[in-house]
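For clarity, every value in this text was computed on a predicted model and none was experimentally measured. Side chains are part of it too, since the values below use all heavy atoms of this structure and drop only hydrogens, waters and symmetry mates.
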Amino acid sequence: MKLILSRKGFDSSTGGVPSPLVKGQPISLPIPTRMPTPITFGDLTEPIPTLIEQLTRSRHTRATPCHLDPDLDPNMRPRTSGWRGALGQLAAAQSHLAGQGVGVGDLFLFWGLFRPVTQIQCRWSYEGQREHRVFGWLQIGEVFSLGVDGTHAIERYPWLKEHPHTRAGWKENNTLYIAAERLMLDGRIAQLPGFGLFNTGFRLTESRAPRPSIWSVPDWLNPTRGGVGLSYHPSQRWSSSGTLEAAARGQEFVADITNRPDALAWLDQLFAQEA
C-alpha cells in the first residue's frame with residue numbers, strides 16, 4: 001500500500017492565511033479559485049464563511065468562488081444520496097501520483113498549514129504559532145480519468161455534480177480519486193468510512209521547530225532510521241535525530257509502506273485515537 005501525504009487548504013500563498021485550529025480541531029479552509037466551480041464560500045456551513053471573512057479581513061468573502069477539494073465532510077453542504085468523499089488532481093501533481101503508481105487501495109493523508117484561533121466578542125483572530133498538521137484521509141476506491149471536460153462523470157455518479165473537477169476547462173490529465181466505502185488496512189475492514197476528518201489530527205511540525213516545515217517523523221518513514229522515505233525528499237532533508245525538512249511547495253508526497261507492519265501499526269493508532 002502507498003501512503004500519500006497530500007498538502008491542501010489555505011496557506012500564506014493560497015488564501016493568504018493559515019487554516020484555523022478551533023479548540024484544537026483543524027478546520028481546513030478550501031482555497032479560493034478562478035477555475036470552474038458552482039460553490040462560493042457562502043455556500044459552506046458555518047463557521048467556515050465567517051472564519052474566512054474575519055481571518056482574511058474580507059480579502060475573501062461569502063461571494064468568493066471556492067475549490068471544495070478534497071471534499072470529505074458530509075456536513076459541509078447538502079448532499080445527494082450516495083455521496084462519498086472525492087479528491088481531484090491534475091497537472092504535475094497528478095503526473096507524480098501516476099508515476100508513483102498510486103491507485104485503488106492506497107491512502108491519502110491530507111495535511112496543511114494551521115494556526116490556533118480564538119473568538120472574542122464574535123470576532124475570530126489568530127493566536128499562537130503556525131504548524132503543519134494532518135487533518136483528514138481518503139482511501140482510494142476508484143480512479144476516474146476525467147480529461148478536460150469532466151461532466152461525463154456526473155452521468156455515472158450524480159452526487160458528483162458539485163465537485164469542481166467534474167466541470168469543463170481543466171488540463172487533459174484531470175483525474176478524480178473517489179473514496180472507498182469502508183476503510184481497509186492490511187486486509188482488515190475498519191469500522192470507518194473510506195474518507196473523513198480527524199478530531200484533532202496529527203501534528204507534523206516538531207515541537208521546538210523554528211518553522212512549520214521541520215517535521216518530527218516516525219522511524220518507519222525516516223530512511224536514516226530504516227524507514228521507507230518519501231518522494232520529493234532526498235537524503236539531505238532527513239536527520240538521524242528524527243526530523244525532516246519538508247519540501248516547500250510540493251503537493252503529493254508518496255511513501256510505499258508495503259510489508260511495513262510498523263507503518264500499519266502507526267496508522268491503526270492514528271485512526272483509533274482520532275477518527
Side-chain angles (χ1 to χ4, degrees), residues 1-9 26 28 70 72 85 87-89 91-113 131-141 143 175 177 179-180 183-188 190 192 194-198 201-206 209 212-275:
M1 182 172 77
K2 293 181 177 68
L3 182 68
I4 308 99
L5 291 175
S6 180
R7 180 173 188 155
K8 295 295 179 283
S28 179
L72 303 173
L87 164 72
Q89 194 52 277
Q94 171 54 28
S95 295
H96 183 67
L97 293 173
Q100 293 287 318
V102 170
V104 172
D106 294 333
L107 179 66
F108 285 96
L109 290 183
F110 300 108
W111 63 278
L113 181 67
E131 63 180 58
H132 288 158
R133 183 173 288 264
V134 172
F135 65 87
W137 79 94
L138 183 148
Q139 187 167 39
I140 302 170
V143 181
T175 301
Y177 295 89
L183 180 68
M184 179 178 291
L185 297 175
D186 196 25
R188 296 172 284 111
L192 291 168
F195 62 95
L197 300 171
F198 294 118
F202 176 78
R203 180 184 167 116
L204 293 165
T205 301
E206 201 273 333
S213 58
I214 299 178
W215 294 359
S216 176
V217 294
D219 287 352
W220 58 262
L221 189 59
N222 190 340
T224 71
R225 296 188 173 192
V228 299
L230 195 62
S231 64
Y232 282 114
H233 292 83
S235 59
Q236 61 267 29
R237 288 186 171 271
W238 303 88
S239 166
S240 59
S241 65
T243 61
L244 167 66
E245 178 74 33
R249 291 304 308 162
Q251 279 195 50
E252 311 291 356
F253 306 150
V254 182
D256 190 340
I257 60 172
T258 306
N259 299 322
R260 290 298 302 237
D262 48 354
L264 290 169
W266 184 89
L267 287 171
D268 281 338
Q269 184 178 20
L270 175 65
F271 282 105
Q273 292 177 347
E274 291 292 337

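The heavy-atom pair separating Ala179 from Gly194 by the smallest distance is CB-O, 4.0 Å. Among all heavy-atom pairs drawn from Pro223 and Gly229, the shortest one is CD-CA, 4.0 Å. Annotation for Glu252 and Ala93: closest pair CG-CB, 4.0 Å, computed over non-hydrogen atoms. The two residues Lys8 and Pro70 have their closest heavy-atom pair at CG-CD, 3.5 Å. Here the closest non-hydrogen pair linking Gly136 and Leu72 is CA-CD1, 4.4 Å.
No side-chain heavy atom of Thr205 sits less than 4.5 Å from a side-chain heavy atom of Ile214. The shortest distance between side-chain heavy atoms of Val217 and Trp238 falls below 4.5 Å. At a threshold of 4.5 Å between non-hydrogen side-chain atoms, the residues Val254 and Asp106 do not count as touching. Under the 4.5 Å side-chain criterion, counting only non-hydrogen atoms from C-beta, Leu5 is in contact with Leu109. Side-chain contact between Phe108 and Leu87: present, with at least one pair of heavy atoms (C-beta onward) separated by less than 4.5 Å. No side-chain heavy atom of Leu3 sits under 4.5 Å from any side-chain heavy atom of Val228. For the pair Phe271 and Leu183, the minimum side-chain heavy-atom distance is below 4.5 Å. Counting heavy atoms from C-beta on, the side chains of Leu107 and Ile257 never come closer than 4.5 Å.
Partners of Glu131 according to the salt bridge (charged side-chain N to carboxylate O under 4.0 Å, His left out) rule, which considers only residues two or more places apart in sequence or in another chain, are Arg133, Arg203.
Two rings, from Trp137 and Phe195, have their centers 6.0 Å or more apart.
For the pair His132 (side chain) and Leu204 (backbone), a donor-acceptor distance under 3.5 Å is absent. Judged by distance alone, with hydrogens and angles left aside, the side-chain atoms of Arg260 form no donor-acceptor pair with the main-chain N or O of Met1 at under 3.5 Å. No side-chain donor-acceptor contact under 3.5 Å links Thr243 to the backbone of Ser239. With hydrogens and angles disregarded, a donor-acceptor distance shorter than 3.5 Å links the side chain of Asn222 to the backbone of Thr224. For the pair Ser216 (side chain) and Glu206 (backbone), a donor-acceptor distance under 3.5 Å is absent.
Other residues, nucleotides and ligands contribute at most 12 non-hydrogen atoms within 6.0 Å of the CD atom of Gln269.
Checking Gln251 against Ser6 by side-chain atom types alone, no donor-acceptor pair falls below 3.5 Å. Side-chain contact of Thr175 with Gln89: a donor-acceptor pair under 3.5 Å is absent, judged by distance alone. A donor and an acceptor atom, one from each side chain of Tyr177 and Gln139, are nowhere located under 3.5 Å apart.
Taking the six-membered ring where tryptophan is involved, the planes of Trp215 and Trp111 are perpendicular, since the angle between them exceeds 60° and thus also 30°. Relative orientation of the His96 and Tyr232 rings is tilted, given thresholds of 30° and 60° on the angle between their planes. Taking the six-membered ring where tryptophan is involved, the planes of Trp266 and Phe202 are perpendicular, since the angle between them exceeds 60° and thus also 30°.
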Exercise. Might you work through the side-chain contact (heavy atoms from CB on, under 4.5 Å) test for Asp219 and Asp262, ending with a clear yes or no?
Key: CA-CA 9 Å; Asp219 287 352; Asp262 48 354; over 6 Å; no
Exercise. Check the pair Ser231 / Gln100 against side-chain hydrogen bond (donor to acceptor under 3.5 Å, both in side chains), numbers first and verdict last.
Key: CA-CA 9 Å; Ser231 64; Gln100 293 287 318; 4.8 Å; no
Practice problem: List the steps and the verdict of side-chain contact (heavy atoms from CB on, under 4.5 Å) for Phe198 and Val134. | Solution: CA-CA 8 Å; Phe198 294 118; Val134 172; 3.7 Å; yes
